[in-house]
Amino acid sequence: MNDINKILDYTSEKSTYPNGLMFLPFKKLGKFQTLYHQGELANKLFLVKSGSVKLCELVVSGNQVIHDIKTEGQIFGEWDALFHPDVHYNKSAIALSDATEIHYIKLSEFNFDNVPNLVTGISNLVLEDFKNIKLRHQRLLNNNAAYRIKETLLNLAQKAGQKFGDETLLKIWLSHDDIAKLADTSRQTVTVVMNELKNKKKIIYSRDRILFRSLSNFHN
């Protein structure tokens, strides 16, 4: 395989990449290894080649807020840094699975003049990120914590799960505390809901994977 992963009008099952982006192999991360820290200079965009990464922020109170989970085929970084070279990462990126493979592109290598479609492609990626943020905010507005937890799990399964007939396997290491932070609730509530889903035979789960028996009636 060529060392350069050149993405030209490439469409996978989960993502479409903008024409003209050229990503290079960067590194493989072990579980819980940090790709970059909050506050570091944002001089790269990253592509999850395999595995998963959580984007989390340490807020003033000292608590950690998980903003998103990036999975195979997704691009992430600080979009503002494309136009403002002094921008720093406002979140940390931490691998959630063993052998998480990350590719990268240096922002200094972007040339919008030579690749006319690149602006449109990047704009679509930014809009997709805003769409995901909006969906998460809509989910968090729901007062029912159990619904938020289920919707969080369902969203991850739809985004990163592997289909096996009616069943879907999500292979991401998520603690109950991680799920609680994504769903804006308590770890204790997550434990109750997960056990309820297990007793109803909706899921089978361990720390690093969740098997959904059916996504179509997951909320029922």
For Leu169 and Phe164, which heavy atoms make the closest approach, and how far apart are they?
-> CB-CE1, 3.8 Å
Do side-chain atoms of Glu167 reach the backbone of Leu211 as a donor and acceptor pair under 3.5 angstrom?
-> no
Ignoring hydrogens and geometry, is there a side-chain-to-backbone donor-acceptor pair from Ser97 to Thr100 under 3.5 Å?
-> no
Can you tell me if NZ on Lys163 sees more than 12 non-hydrogen neighbours from other groups inside 6.0 Å?
-> yes
Point-to-point distance, once rounded to the nearest 0.5 Å, from CE of Met194 to CD1 of Ile210 = 4.0 Å
Should Trp79 and Phe83 be counted in the same cluster of Ile, Leu, Val, Met, Phe, Trp and Tyr side chains packed under 4.5 Å apart?
-> yes
Could you check whether the rings of Phe32 and Trp173 sit parallel, tilted or perpendicular, using 30° and 60° as the cut-offs?
-> perpendicular
Assess the side chains of Glu151 and His219: does a donor N or O sit below 3.5 Å from an acceptor N or O?
-> yes
Give every residue pair that meets the side-chain hydrogen bond (donor to acceptor under 3.5 Å, both in side chains) criterion with at least one member in residues 32-41, sequence neighbours excluded.
-> His37-Glu40
Asp98: partners by side-chain hydrogen bond (donor to acceptor under 3.5 Å, both in side chains), with sequence neighbours left out = none
Point-to-point distance, once rounded to the nearest 0.5 Å, from CD1 of Ile69 to CD1 of Ile172 = 6.0 Å
In one Ile/Leu/Val/Met/Phe/Trp/Tyr side-chain cluster, 4.5 Å: Leu24, Val48 | yes
For the hydrophobic clusters of this structure (ILVMFWY residues joined by side-chain heavy atoms under 4.5 Å, transitively), does one cluster hold both Leu96 and Val65?
-> no
Can you name the closest pair of heavy atoms from Thr71 and Ala160 and give their distance?
-> CG2-CB, 3.4 Å
Using the rule that two of Ile, Leu, Val, Met, Phe, Trp, Tyr join whenever any of their side-chain heavy atoms come within less than 4.5 Å, decide whether Ile203 and Val190 are in one cluster.
-> yes
Can you tell me if CG on Asp166 sees more than 12 non-hydrogen neighbours from other groups inside 6.0 Å?
-> no
Aromatic ring proximity, centroids under 6.0 angstrom, Tyr104 and Phe46 | no
Taking all heavy atoms of Thr189 and all of Ala145, pick out the closest pair and write down the distance.
-> CG2-CB, 4.0 Å
Rounded to the nearest 0.5 Å, the CG atom of Asp184 sits from the CD1 atom of Ile66 at a distance of 11.5 Å
Are any non-hydrogen side-chain atoms of Phe26 and Ile105 less than 4.5 angstrom apart?
-> no
Arg148 side chain to Ala183 main-chain N or O, any donor-acceptor pair under 3.5 Å?
-> yes
Taking every non-hydrogen atom, the tightest pair across Leu58 and Gln64 | CD1-N, 4.4 Å
How about Lys200 and Arg213: do any of their side-chain heavy atoms sit closer than 4.5 Å?
-> no
Quick check: does any side chain N or O of His84 sit under 3.5 Å from a backbone N or O of Leu82, one acting as donor and the other as acceptor?
-> no
Could you tell me which non-hydrogen atom of Gly30 sits nearest to which non-hydrogen atom of Ala95, and how far apart they are?
-> O-CB, 3.4 Å
Heavy-atom side-chain proximity of Val193 to Ile179 below 4.5 angstrom | no
Euclidean distance, Cys56 SG relative to Lys91 NZ, rounded to 0.5 Å | 10.0 Å
Hydrophobic cluster membership, Leu47 vs Leu107, 4.5 Å side-chain cutoff = yes
Hey, does Leu197 have a side-chain heavy atom less than 4.5 Å from the side chain of Tyr205?
-> no
Are any non-hydrogen side-chain atoms of Gln74 and Lys159 less than 4.5 angstrom apart?
-> yes
Validation row: Leu153, Phe212 side chains within 4.5 angstrom (heavy atoms) = yes
Shortest non-hydrogen contact between Lys171 and Arg209, atoms and distance | CE-NH2, 3.7 Å
Would you give the length of the straight line joining atom OG1 of Thr168 to atom CD of Gln158, rounded to the nearest 0.5 angstrom?
-> 8.5 Å
Interatomic distance, CD1@Ile94 vs CG@Leu29, rounded to 0.5 Å, equals 10.5 Å
Taking only residues two or more places apart in sequence, or in another chain, which ones meet Asp177 in a salt bridge (charged side-chain N to carboxylate O under 4.0 Å, His left out)?
-> Lys181
